[in-house]
Amino acid sequence: MSERLLTLPGSTDRFHLTDRPRPSLTDRYRMLPDGMNTSHLTVVRAHQVRAGDVVAAFFTDGPGTRYAEHFEEAFIADPHPYGSRSRLCPGCDDCEDTAAYRVAPDRYVRLALADDVRDCVTVFRNTPVAIVPADVAASLPPLHSVPPLPDLFALDGEHRPYEALPVSRAWGPYDTISVTRATAEQLAADLTASHAGRYLTCRWLGDCLLISSDPRLRTEPGRPGRVIEPDADGRYRIGGLWPWEEWTAEPEDDEE
């Protein structure tokens, strides 16, 4: 593992950079593109971050040696002054929490606005941030060249996890998740042994998965159940029959 110690003008602290953790069940870190690593990182204060910089990490509190706390997913900076939510933010939990404390706007900066997946990133303007400067990042493969990590879901908080395409911030536990055929097959095998699937049965009809309820519990007599067909990418969108739970794992669940 490579390590670097960096300094920041005007600060006596030392900033300790290490490689990003590799993704696992317990550490959900999306890797950086090939060629982008700690040698490209520098430390600046949040108000010095510029559009196009790649923001990779914050640091533990000082003073003294401060250690990198990597973002689970590095992002491209799009700085904005901290202002009213109605003008800048499409709506996120981070801004609601910050507004509740009535912070002084000139003490904070937004490094990125909320999108479908992420809340706004709002920090104290003098917060040390590890970045890949925009001009350096432009010479390397873009962040989106690395596929996002799948989200992990469970039945009853314990079965598997099941990998699915990332879901949006607006996703709810009865909404669908998108899984591969292999994951759908495993889910069908596990479902009847779960509390969530105690009144359900699964059967494959060629490429289609039929999930049926106990006929005595059907609100619409005669309906065979829900037939889930693969989409154009061969994935199965499954949901609405039980509440999905986000997978959480203790360190010993990680096999690496």
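Starting from 1, each residue takes its place in the sequence as its number.
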Visitor: Is the Tyr29-Phe71 ring centre distance short of 6.0 angstrom?
Guide: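 That pair fails the under 6.0 Å test.
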Visitor: Could you tell me whether the side chain of Trp171 and the main chain of Thr176 form a donor-acceptor pair under 3.5 Å?
Guide: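 Yes, the answer is positive, given that a donor and an acceptor are paired below the 3.5 Å cut-off.
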Visitor: Just verifying a value: how many Å separate Arg107 CZ and Asn126 CG, rounded to the nearest 0.5 Å?
Guide: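 Answer rounded to 0.5 Å: 9.5 Å.
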Visitor: Any donor and acceptor pair, going by atom type alone, linking the side chain of Arg226 with main-chain N or O of Gly239 inside 3.5 Å?
Guide: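 Looks like yes, one N/O pair under 3.5 Å.
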Visitor: Please find the pair of heavy atoms, one from Leu143 and one from Arg30, that lie closest to each other, and give the distance.
Guide: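 The pair with the smallest heavy-atom distance is O-NH2, 3.7 Å.
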Visitor: Within 45° of the ring axis of Trp247 and under 6.0 Å from its six-membered ring centre, is that where the NZ or CZ of Arg28 lies?
Guide: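 Cation-pi check for Arg28 and Trp247: fails.
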Visitor: Do Leu187 and Ile238 have side-chain heavy atoms sitting under 4.5 Å apart?
Guide: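 Yes. Closest side-chain heavy atoms under 4.5 Å.
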Visitor: Let's go through Arg20 and Leu32 carefully: what are the C-alpha distance in whole Å and the side-chain angles of both, what is the deciding distance for side chain to side chain contact (heavy atoms under 4.5 Å, CB included) to 0.1 Å, and is it a yes or a no?
Guide: CA-CA 8 Å; Arg20 287 175 65 77; Leu32 297 175; 3.3 Å; yes
Visitor: Heavy-atom count around Glu246 CD within 6.0 Å, excluding the residue itself: above 12?
Guide: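 No - once you tally the heavy atoms of other residues, nucleotides and ligands closer than 6.0 Å, there are 12 at most.
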Visitor: Heavy atoms, side chains only, cut-off 4.5 Å: are Thr42 and Pro133 in contact?
Guide: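 In contact.
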Visitor: Show the nearest heavy-atom pair for residues Ile177 and Ala164, with the distance to one decimal.
Guide: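 Smallest interatomic distance, heavy atoms only, reads CB-CB, 3.8 Å.
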Visitor: Under a 3.5 Å distance rule, please check whether Thr60 uses its side chain to pair with a backbone N or O of Tyr67 as donor and acceptor.
Guide: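 Side chain of Thr60 to backbone of Tyr67: a pair is present.
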Visitor: Just checking Arg203: does its CZ atom have more than 12 heavy atoms from other residues, nucleotides or ligands closer to it than 6.0 angstrom?
Guide: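 Open: at most 12 neighbouring heavy atoms sit under 6.0 Å from CZ of Arg203.
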Visitor: When you compare the side chains of Arg235 and Ser178, does any donor N or O come within less than 3.5 Å of an acceptor on the partner?
Guide: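 Judged by distance alone, the side chains do pair up.
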Visitor: Which heavy atom in Leu149 sits nearest to a heavy atom in Pro166, and how many Å separate them?
Guide: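 Shortest heavy-atom separation between Leu149 and Pro166 comes out as O-CG, 3.5 Å.
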Visitor: If only atom types and distance count, is the side chain of Asp53 paired as donor or acceptor with the main-chain N or O of Arg50 below 3.5 Å?
Guide: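 Indeed, once roles are kept as given, a pair shorter than 3.5 Å links the two residues.
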Visitor: As a quick check of understanding, evaluate side chain to side chain contact (heavy atoms under 4.5 Å, CB included) for Thr201 and Leu191, giving each step before the final call.
Guide: CA-CA 8 Å; Thr201 59; Leu191 190 61; over 6 Å; no
Visitor: Starting at CG of Asn37, measure out to CG of Leu140 and round the result to the nearest 0.5 Å.
Guide: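 Reported to 0.5 Å precision, the distance equals 8.5 Å.
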Visitor: Measure across Ala46 and Val109 and return the closest heavy-atom pair with its distance rounded to 0.1 Å.
Guide: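 That closest heavy-atom pairing would be CB-CG1, 3.7 Å.
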Visitor: What is the minimum heavy-atom distance between Ala74 and Ala56, and which atoms define it?
Guide: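 Residues Ala74 and Ala56, closest heavy atoms: CB-CA, 4.2 Å.
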Visitor: Tyr108 vs Phe124 aromatic rings, parallel, tilted or perpendicular, using cut-offs 30° and 60°?
Guide: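 Perpendicular: the ring planes of Tyr108 and Phe124 meet at over 60°.
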Visitor: Ile76, Leu111: one ILVMFWY side-chain cluster at the under-4.5 Å cut-off?
Guide: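 No, Ile76 and Leu111 fall in different hydrophobic clusters.
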Visitor: Is it true that, when you exclude Asp34 itself, more than 12 heavy atoms of the residues, nucleotides or ligands shown sit nearer than 6.0 Å to its CG?
Guide: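 At most 12 heavy atoms, drawn from other residues, nucleotides or ligands, come within 6.0 Å of this atom.
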Visitor: Would a hydrophobic clustering, with Ile, Leu, Val, Met, Phe, Trp and Tyr connected at side-chain separations under 4.5 Å, put Val43 with Val123?
Guide: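 No, because Val43 and Val123 fall into different hydrophobic clusters, even though each may have its own neighbours under 4.5 Å.
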Visitor: Would you give the length of the straight line joining atom CG of Leu5 to atom CG of Leu17, rounded to the nearest 0.5 angstrom?
Guide: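 Between atom CG of Leu5 and atom CG of Leu17 there are 8.5 Å.
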Visitor: Side-chain heavy atoms under 4.5 angstrom apart, residues restricted to Ile, Leu, Val, Met, Phe, Trp, Tyr: same cluster for Val54 and Leu6?
Guide: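 As far as the 4.5 Å side-chain criterion goes, Leu6 and Val54 are connected within one cluster.
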Visitor: Between Asp78 and Ala51 (side chain of the first, backbone of the second, donor and acceptor by atom type, cut-off under 3.5 Å), is there such a pair?
Guide: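 Side chain of Asp78 to backbone of Ala51: no pair is present.
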Visitor: Can you tell me if Asp156 uses its side chain to pair, donor with acceptor, with the backbone of His195 under 3.5 Å?
Guide: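 Yes: the side chain of Asp156 pairs with the backbone of His195.
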Visitor: Is the closest side-chain heavy-atom distance between Ile228 and Ile211 below 4.5 Å?
Guide: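 Side-chain contact under 4.5 Å: yes.
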Visitor: Taking the side chain as every heavy atom from C-beta outward, state whether Val129 and Phe59 have any atom pair closer than 4.5 Å.
Guide: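 Sidechains of Phe59 and Val129: no contact.
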Visitor: Just how far is it from atom CG of Asp231 to atom CZ of Arg237, taken to the nearest 0.5 Å?
Guide: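 The CG atom of Asp231 sits 7.5 Å away from the CZ atom of Arg237.
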Visitor: Kindly say whether Gly172 contributes a backbone atom to a donor-acceptor pair with the side chain of Asp175 at under 3.5 angstrom?
Guide: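 Checking the backbone N and O of Gly172 against the side chain of Asp175, a donor-acceptor pair under 3.5 Å is found.
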Visitor: Indicate yes or no: at least one non-hydrogen side-chain atom of Tyr236 is less than 4.5 angstrom from one of Arg181.
Guide: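 Yes, side chains in contact.
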Visitor: For atom CZ of Arg14, is the number of surrounding heavy atoms from other residues, nucleotides or ligands below 6.0 Å larger than 12?
Guide: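 Open.
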Visitor: Are Val167 and Trp244 linked, directly or through intermediate hydrophobic residues, by side-chain heavy-atom contacts shorter than 4.5 Å (ILVMFWY only)?
Guide: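 Yes, because Trp244 and Val167 connect within a single hydrophobic cluster, where side-chain heavy atoms sit under 4.5 Å apart.
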Visitor: Could you walk me through whether Cys120 and His80 pass side chain to side chain contact (heavy atoms under 4.5 Å, CB included), step by step?
Guide: CA-CA 10 Å; Cys120 287; His80 290 77; over 6 Å; no
Visitor: If we ignore hydrogens and angles and just use 3.5 Å, is the side chain of His70 paired with the main-chain N or O of Thr18 as donor and acceptor?
Guide: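 It does hold such a pair.
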Visitor: Could you grab the distance from atom CZ of Arg4 to atom CZ of Phe15, nearest 0.5 Å is fine?
Guide: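 Interatomic distance, Arg4 CZ to Phe15 CZ, rounded to 0.5 Å: 13.0 Å.
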Visitor: Between Gln48 (side chain) and Arg45 (backbone), is there a donor-acceptor pair under 3.5 Å?
Guide: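 Indeed, once roles are kept as given, a pair shorter than 3.5 Å links the two residues.
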Visitor: Would you say the side-chain atoms of Ser139 pair up with the backbone N or O of Val136, donor to acceptor, closer than 3.5 Å?
Guide: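 A pair under 3.5 Å: yes.
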Visitor: Is any side-chain heavy atom of Val49 less than 4.5 Å from a side-chain heavy atom of Val44?
Guide: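 In contact.
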Visitor: Taking all heavy atoms of Ser194 and all of Leu155, pick out the closest pair and write down the distance.
Guide: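 Result for this residue pair: OG-CD1, 4.0 Å.
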Visitor: Any side-chain heavy atom of Leu209 sitting closer than 4.5 Å to one from Cys202?
Guide: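 Heavy-atom side-chain distance check passes, below 4.5 Å.
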Visitor: Side chain to side chain contact (heavy atoms under 4.5 Å, CB included) for Glu163 and Leu152? Distances and angles first, verdict last.
Guide: CA-CA 5 Å; Glu163 293 188 348; Leu152 301 178; 3.7 Å; yes
Visitor: Determine whether the aromatic ring centres of Tyr162 and Phe153 lie less than 6.0 Å apart.
Guide: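 No: the rings miss the under 6.0 Å criterion.
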Visitor: Taking the side chain as C-beta and beyond, is there a heavy-atom pair between Pro141 and Met36 under 4.5 Å?
Guide: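 Not touching, per the 4.5 Å side-chain cut-off.
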